[in-house]
Number of protein chains: 2
Amino acid sequence: MTKIKDNTTDQTLCPVARAEAVVGDRWTVLVLRELFARSHRFEEIQAQTGGTPQMITARLKKLEADGLVTRRVYNKHPLRHEYHLTEKGTAFFPVLMALRAWGEAWCKSPRDGRAMNYTHITCGKPAGLGPVCESCGEPVRRDDMVGERTPKYQKERDARWEAFKASR
Amino acid sequence: MTKIKDNTTDQTLCPVARAEAVVGDRWTVLVLRELFARSHRFEEIQAQTGGTPQMITARLKKLEADGLVTRRVYNKHPLRHEYHLTEKGTAFFPVLMALRAWGEAWCKSPRDGRAMNYTHITCGKPAGLGPVCESCGEPVRRDDMVGERTPKYQKERDARWEAFKASR
DNA sequence: CCATATTGCTATGAAAATCATAGTAACAAG
DNA sequence: CTTGTTACTATGATTTTCATAGCAATATGG
């Protein structure tokens, strides 16, 4: 079992350093992204993040220990779990949204296009990138939006799943 | 020189994965925090993040290569640089704020107290944690706020600097 | 009832990154 | 001419990560 460093970073008052002790790791964030995308099973998460089983096991264990994730039994004999976000995990949403906005704005070639489009439920229009709805100006929360993958991104995910299945 | 993995993560449309290929690392985020805190010299950054020289060198190099940071010569003979955020680096601010808010809310014991207090310049009152000013309701940006360290956090930083100086 | 498939992991070893510690180069100050 | 300062680089032990393989428990198909 692989362990993950969380250092003595919790010996600082700085909330950024403390948060990073929990989520300061690429795999961890990718796993969280999948949980927000409603992938709850181990293999889905593994396939869509591209991590090795150990990476995923270790992150899920740490996320559970840190209180962001719970295991939920969906099948005994054989014992099988689904992974779900807790309140603490769900509260991470704004960080993911900010990261997404920054990634959209600064980390891609313009011809790539969007991966997701969000609709602000309360106003029914596109939510845009910022923390505030582009269409109506209200602050947006997780439960106030519906996300929809663009066909291109959906295709990419389907392909990844197929590739994953084929390789085993 | 240590290299940092950025994988083939830029072979996805997902902006989160793409962003993580750049900033998905604890040291990188801590370095960015210091740059936002206006620590521009190598040793300040090293002291306040607690990283080894290699860690810091490698992150600064990668951040420069990724376009978030520029070196600025402040002294020739011997050649000395200061590190500054570019526009792309500055644009990372909302992520850091979201992370800070989550860290404040979920990663500390209540008795610890705040590290920073921000004031919303345009309304003159405390900005609070969210992406929207707690006092006046307007969305807050980096240049719309002044941050002030709490005495306790300032003390912690001073102590870290002293300890660093003493150990060399 | 037997073979194959499915799910959710664990095991192994090579390659890479990290950490602690020490050292260096170029000057400046006393 | 000795000591201090700044910004690193070098070294080697320890840890992590990655790729690949394997396995246990059951479901499914014939």
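These numbers come from a predicted model, not from an experiment. Just so we're on the same page: letters track the sequence lines, and every chain starts at 1.
Separating the CE atom of B/M55 from the C1' atom of C/dT21 is a distance of 14 Å, rounded to the nearest angstrom. The nearest whole Å value for the distance from the OH atom in B/Y83 to the C1' atom in D/dC8 is 9 Å. Note: CZ (A/R59) to P (D/dT16) measures 10 Å, nearest angstrom. The CD1-C1' distance, from B/I56 to C/dA20, rounds to 15 Å in whole Å. With rounding to whole Å, A/D25 atom CG is found 18 Å from D/dT15 atom P. Atom P of nucleotide D/dC18 and atom CG of A/L30 are separated by 11 Å, given to the nearest angstrom. The CZ-P distance, from A/R80 to D/dA24, rounds to 13 Å in whole Å. Residue B/F164 contributes atom CZ, which lies 12 Å from atom P of D/dC8 at whole-angstrom precision.
Close to C/dT7, at under 4.0 Å from its OP1 or OP2, lies a side-chain N or O of A/K165. Within the structure, every side-chain polar atom (N or O) of B/R41 is placed at least 4.0 Å from both OP1 and OP2 of D/dT6.
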**Message:** Could you go through B/D144 and B/H120, starting from their C-alpha distance and side-chain angles, then the distance that decides it, and tell me whether this counts as side chain to side chain contact (heavy atoms under 4.5 Å, CB included)?
**Reply:** CA-CA 6 Å; B/D144 300 338; B/H120 189 204; 3.9 Å; yes
**Item:** Residues A/R100, A/Y118; criterion side chain to side chain contact (heavy atoms under 4.5 Å, CB included); working and verdict
**Value:** CA-CA 12 Å; A/R100 157 182 169 259; A/Y118 284 96; 3.2 Å; yes
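You'll find that the side chain of B/T52 is closest to C/dA20, out of D/dC18, C/dA20, D/dA25. With distances taken from any side-chain atom of B/P53 to the nucleotides C/dT10, D/dC18, C/dA22, the minimum falls on C/dA22. Taking the side chain of A/E43 as heavy atoms from C-beta on, and the options C/dC19, C/dC9, C/dG8, the nearest nucleotide is C/dG8. Here D/dC8 is the nucleotide among D/dC8, C/dG8, D/dC18 with the atom lying nearest to any side-chain atom of B/T57.
Taking the six-membered ring where tryptophan is involved, the planes of A/F36 and A/F93 are tilted, since the angle between them lies from 30° to 60°.
B/R59 has a carboxylate O that lies under 4.0 Å from a charged side-chain N of B/D25, or vice versa, which qualifies the two as a salt bridge. Between A/K155 and A/E162 there is no salt bridge, since none of the side-chain N atoms of the basic residue sits less than 4.0 Å from a carboxylate O of the acidic one.
Looking at A/Q54, its side chain comes within 3.5 Å of the base of C/dT12 through a donor and an acceptor atom.
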